[in-house]
Amino acid sequence: MNSGVKTLGQFIIEKQADFPYAKGELSRLLRDIAIAAKIVNREVNKAGLVDILGDLGTTNIQGEGQKKLDVYANEQFISALSSGGECCIVASEENDDIIYIDSAVSHNAKYIVCIDPLDGSSNIDCNVAVGTIFSIYRRKSTNGRAALEDVLQKGTEQVAAGYVIYGSSTMLVYTTGKGVNGFTLDPSIGEFCLSHPELKIPEDGTIYSINEGNYVHFPEGVKKYIKHCQVEDAGTRRPYTSRYIGSMVADIHRNLIKGGIYIYPTTAASPGGKLRLLYECNPMAFIVEQAGGKASDGSSRILDIDPVTLHQRCPIFIGSARMVRQAEAFMQGNAAAG
Ligand code: P6P
C-alpha cells in the first residue's frame, strides 16, 4: 500500500488521543460500522446480478415497502454491532422498536446507535446512489439495562455521526465533534482510505435540492425561497441550479462538497416533514455543522430538538450556512425574493 495512504483504522487510532477518557470503545464501534458498510457495499455493487433487487413484500413502521436490500443492510449492521460488543441498543429505521443487544460481550456496553441502514433504497433498482446514516450516543443511565430514554437524546448529545454513500465510489464520512473527514473505499485492498481530510462546506452556494413536485403544498416561505433561487438579474445574478437525487445522503454529500441547500419541508403527504429526526436529520445536521454549515427545521436548530418518539419526523433545511439563513428568513417572512 502506498505509504502516503492512511486507512480509517489508522486514522481512528491516531484520533483516539482526542478522547482521553475513552478506552478505545468508540474506536472499535466505528470500526464495526465500517466492516458492515463494506459487506453492504459488496451487495449494493452487485445488485441486479443476484436476487437482491426489488421489494420484499413487507412494510416497515414508516409504512414504506421494504426492499430486500433494506432488510439485508439492516441485518448486517445489527450483526456487526452485536458482535462488536460496544453497543447496548440499536434504533433502526427498519425496526418498530429499539433492539436490545444483550449478548454476553455487550452487557455493559455504553453506546447507543441510531441507524438508517439503507436510505434512498427506492433508487436501488435504477442504480442511483444510496446511503447508510448513523448516529452514536453514550447511554445516559449508569446502571441496569439501557432503555428508550437512553435513545431519545437531543442531537447535541451525539458523540459521533456519519454516513456511507454507495455511489460512483463508496465513501464513509464521519465526525466525532472535531471536524469532518471522508474516506474512500479502495476495493483493491478492502480498506476505507482518507481522501477528504477536514471537509468544510462552502459558506454559500447555488445548488438547491428539493422535490418541487410537492410545490403546491409547500409553506409560503419555501415557495418564496424557491422563487428567490430562480431569480435572474441581467448581469448580476444567474438562477441557481436545481439538483434532486431523491437520496438524502447523495444530495447532502454533493452540497457538502460544492455548496448548496437540501430542503425537505412539510408537505401534504408529510405534514410533520418526512425525514426522521434520530437517524437521518440529527446525524446529518451534526456532520454539516461540524463542516461549517447549518441545519434547521425552518426556525430552530435541528440538534436542539427534544426527541419524544423513536421515529418522529421533522422538516429540514440543511447545507451552506448563508443559504440556510436565507431560507429561514423567507420562512419567517423577513426576506423578499430577488
Ligand atoms: P421524496 C428516501 O426515501 C428519503 O428518505 C431521502 O433519502 C430522500 O431525500 C427523500 O426521502 C425523498 O423523498 O418524497 O422526494 O421521494
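All ligand and atom numbering here is 1-based and tracks the order in the structure. We use all heavy atoms of the structure for the numbers below, so side chains are in, but hydrogens, waters and symmetry mates are not. Numbers for residues simply follow the sequence, beginning at 1.
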| request: Could you walk me through whether Glu289 and Lys294 pass the salt bridge (Lys or Arg N to Asp or Glu O under 4.0 Å) test, one step at a time? | output: CA-CA 5 Å; Glu289 283 198 4; Lys294 192 171 167 57; over 6 Å; no
Does an N or O from [X], backbone or side chain, lie closer than 3.5 Å to an N or O of ligand 1?
X: Ser122; result: no
X: Met248; result: yes
X: Tyr262; result: yes
X: Asp251; result: no

Cation-pi, [Y] ring and [X] (6.0 angstrom, 45 degrees):
X: Arg139; Y: Tyr111; result: no
X: Arg237; Y: Tyr240; result: yes
X: Lys223; Y: Tyr215; result: yes

| query | Would you call Glu203 and Arg322 a salt bridge, using N to O less than 4.0 angstrom? | reply | no
Per-atom contacts of ligand 1 with [X], taking only distances under 4.0 Å to non-hydrogen atoms:
X: Tyr264; answer: 1 (P), 13 (O), 14 (O), 15 (O)
X: Leu275; answer: 5 (O)
X: Tyr244; answer: 1 (P), 9 (O), 10 (C), 12 (C), 13 (O), 15 (O)
X: Glu280; answer: 5 (O)

| task | Would you tell me whether Asp119 and Ser121 have side-chain atoms, one donor and one acceptor, within less than 3.5 Å of each other? | result | no
| Inter- and intrachain pairs under side-chain hydrogen bond (donor to acceptor under 3.5 Å, both in side chains), touching residues 262-271, at least two apart | none
| request: Compute the minimum heavy-atom distance from Gly120 to ligand 1 and say whether it is under 4.0 Å. | output: yes
| request: Of the side chain and backbone of Val249, name the one, both, or neither that has a heavy atom under 4.0 Å from an atom of ligand 1. | output: neither
